[in-house]
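What follows is a set of notes on a single structure, which appears directly below.
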Amino acid sequence: GNENEFPSYLAPSLVGKTLTIFWEATDYNNESTEQPRFSYDAILRGDWDAYFRSFATEAKAYGKPVILIPFEEMNGDWYTISGTKNGNTPAKHIAAYRYVREFFRDVANVKFGWAVNHESVPDTVANSIGSYYPGDEYVDYVGVDGFNTGNPWVSFDQIFGSALQQLKTYQKPIYIFSTASAEGTRKA
């Protein structure tokens, strides 16, 4: 995407912390989800191999703990890497995730996260959370992103309950990777 350098400049502020990077393959200056340059097909064709190698080298040189989350919220429909957009499918997501992971096999400080949206959009069997799981060998942490937009107001359990139950089946450490709430008297 647009900000594609390894963020080693953050190192001084991350002493004793883990750097978590959401790796979103997209051009943020283009609002369309149809960006073939950033599709799973482009990744699997090898179009981005030089970038992956460079990023892995920089991450290894960084040396501190990193959780890398490629292709987050793939079960939504708002990213170029969404499973229902840009010529993508759940099977291509799995293949692209595994493909990227191989570039980091000898980078011990980088662990891989897998972050789903708390609900699938569209909510179909073909787009369900489980359709996208890359496999235990490729995923170190599973996680979920979820948001209370305030319209209607929803509780923590309404947002995360179902997704967390599904993620427990993978028997991996679970993170809530990204969350936020609209302002309101019930925000806390």
Side-chain angles (χ1 to χ4, degrees), residues 1 14 17-26 33 38-40 43-44 65-102 104-105 107-188:
L14 294 174
K17 299 176 182 163
T18 299
L19 174 62
T20 302
I21 300 172
F22 291 92
W23 218 3
E24 299 171 350
T26 192
T33 57
F38 297 105
S39 69
Y40 293 138
I43 290 165
L44 294 168
V66 175
I67 298 174
L68 184 60
I69 304 168
F71 322 130
E72 68 163 326
E73 298 178 18
M74 75 302 293
N75 61 318
D77 67 354
W78 41 86
Y79 285 135
T80 58
I81 47 78
S82 296
T84 61
K85 299 289 182 176
N86 210 23
N88 297 327
T89 66
K92 288 179 184 179
H93 166 82
I94 291 169
Y97 189 103
R98 290 175 176 181
Y99 185 82
V100 169
R101 177 65 191 251
E102 290 306 315
F104 292 84
R105 282 292 175 197
V107 185
N109 60 306
V110 175
K111 303 296 182 200
F112 269 62
W114 181 68
V116 300
N117 191 56
H118 72 282
E119 61 184 352
S120 294
V121 178
D123 186 12
T124 64
V125 172
N127 195 46
S128 65
I129 288 172
S131 299
Y132 292 94
Y133 187 63
D136 291 344
E137 178 184 341
Y138 300 92
V139 176
D140 298 302
Y141 305 108
V142 296
V144 59
D145 298 347
F147 308 93
N148 172 26
T149 61
N151 185 23
W153 195 269
V154 288
S155 69
F156 180 91
D157 189 56
Q158 287 172 307
I159 297 169
F160 293 110
S162 176
L164 289 173
Q165 285 303 314
Q166 291 176 61
L167 293 177
K168 283 181 185 179
T169 64
Y170 299 114
Q171 300 182 344
K172 298 278 184 177
I174 298 174
Y175 279 78
I176 293 176
F177 280 119
S178 186
T179 189
S181 178
E183 292 298 327
T185 58
R186 297 180 288 174
K187 182 176 178 177

Can you see which heavy atom on G146 is nearest to which on I159, and at what distance?
CA-CG2, 3.7 Å
For M74 and V116, what are the C-alpha separation, side-chain angles and deciding distance, and is it a side chain to side chain contact (heavy atoms under 4.5 Å, CB included)?
CA-CA 6 Å; M74 75 302 293; V116 300; 4.0 Å; yes
Side-chain donor/acceptor of T26 to backbone N/O of T80, under 3.5 Å
no
Filter on salt bridge (Lys or Arg N to Asp or Glu O under 4.0 Å), then keep only pairs touching residues 127-145, sequence neighbours left out; what's left?
R101-D140, R105-E137
CA sep, side-chain torsions, deciding dist, call: Y79, E24, side chain to side chain contact (heavy atoms under 4.5 Å, CB included):
CA-CA 8 Å; Y79 285 135; E24 299 171 350; 3.1 Å; yes
To the nearest 0.5 Å, what is the distance between CD1 (I129) and CG (N117)?
8.0 Å
Answer yes or no: is there a donor N or O on one side and an acceptor on the other, between the side chain of R98 and the main chain of Y138, under 3.5 Å?
no
What side-chain hydrogen bond (donor to acceptor under 3.5 Å, both in side chains) pairs are there with at least one residue in residues 164-180, not counting sequence neighbours?
S162-Q166
Residues in salt bridge (charged side-chain N to carboxylate O under 4.0 Å, His left out) with D77, at least two apart?
none
So L164 and I174, do their side chains get closer than 4.5 Å, heavy atoms only?
yes
Residue pair V66 / I21, side-chain heavy-atom distance below 4.5 Å:
yes
What pairs with Y40 under ring pair (Phe, Tyr, Trp, His ring centres under 6.0 Å), at least two apart in sequence or on another chain?
F71, H93
State which residues pass salt bridge (charged side-chain N to carboxylate O under 4.0 Å, His left out) with K187; sequence neighbours excluded, sorted by chain then number.
E183
Listed by chain and number, what are the ring pair (Phe, Tyr, Trp, His ring centres under 6.0 Å) partners of F147, not counting sequence neighbours?
none
Sequence neighbours left out, what pairs pass side-chain hydrogen bond (donor to acceptor under 3.5 Å, both in side chains) with at least one residue falling in residues 118-130?
N75-S120, N127-Y132, S128-S131
Should T33 and S82 count as side-chain neighbours, where that means a heavy-atom distance under 4.5 Å?
no
Which atom pair, heavy atoms only, marks the closest approach of P134 to I94?
CA-CG2, 4.0 Å
Considering residues at least two apart in sequence or located in another chain, which fulfil the salt bridge (charged side-chain N to carboxylate O under 4.0 Å, His left out) criterion with K92?
D41
Apply ring-ring contact (aromatic ring centres under 6.0 Å, His included) to W114 and Y141, showing your working.
CA-CA 6 Å; W114 181 68; Y141 305 108; over 10 Å; no
Might you work through the side chain to side chain contact (heavy atoms under 4.5 Å, CB included) test for F177 and I67, ending with a clear yes or no?
CA-CA 10 Å; F177 280 119; I67 298 174; 4.2 Å; yes
What residues, two or more places apart in sequence or in another chain, satisfy side chain to side chain donor-acceptor pair (under 3.5 Å) together with W153?
none
Output all residues satisfying side-chain contact (heavy atoms from CB on, under 4.5 Å) with T185, sequence neighbours left out; order by chain, then residue number.
none
With F112 via ring pair (Phe, Tyr, Trp, His ring centres under 6.0 Å) - residues at least two apart
Y97, F104
Measure from the side-chain N and O atoms of N86 to the backbone N and O of I81, and report whether any donor-acceptor pair falls under 3.5 Å.
no
Compare all side-chain heavy atoms of W23 with those of I69 and state whether any distance is below 4.5 angstrom.
no
With side chains defined as the heavy atoms from C-beta onward, is the minimum distance between V142 and Y133 less than 4.5 Å?
yes
Closest heavy-atom contact between P90 and A126?
CG-O, 3.3 Å
Run the side chain to side chain donor-acceptor pair (under 3.5 Å) test against N148 and tell me which residues pass, sequence neighbours left out.
S181
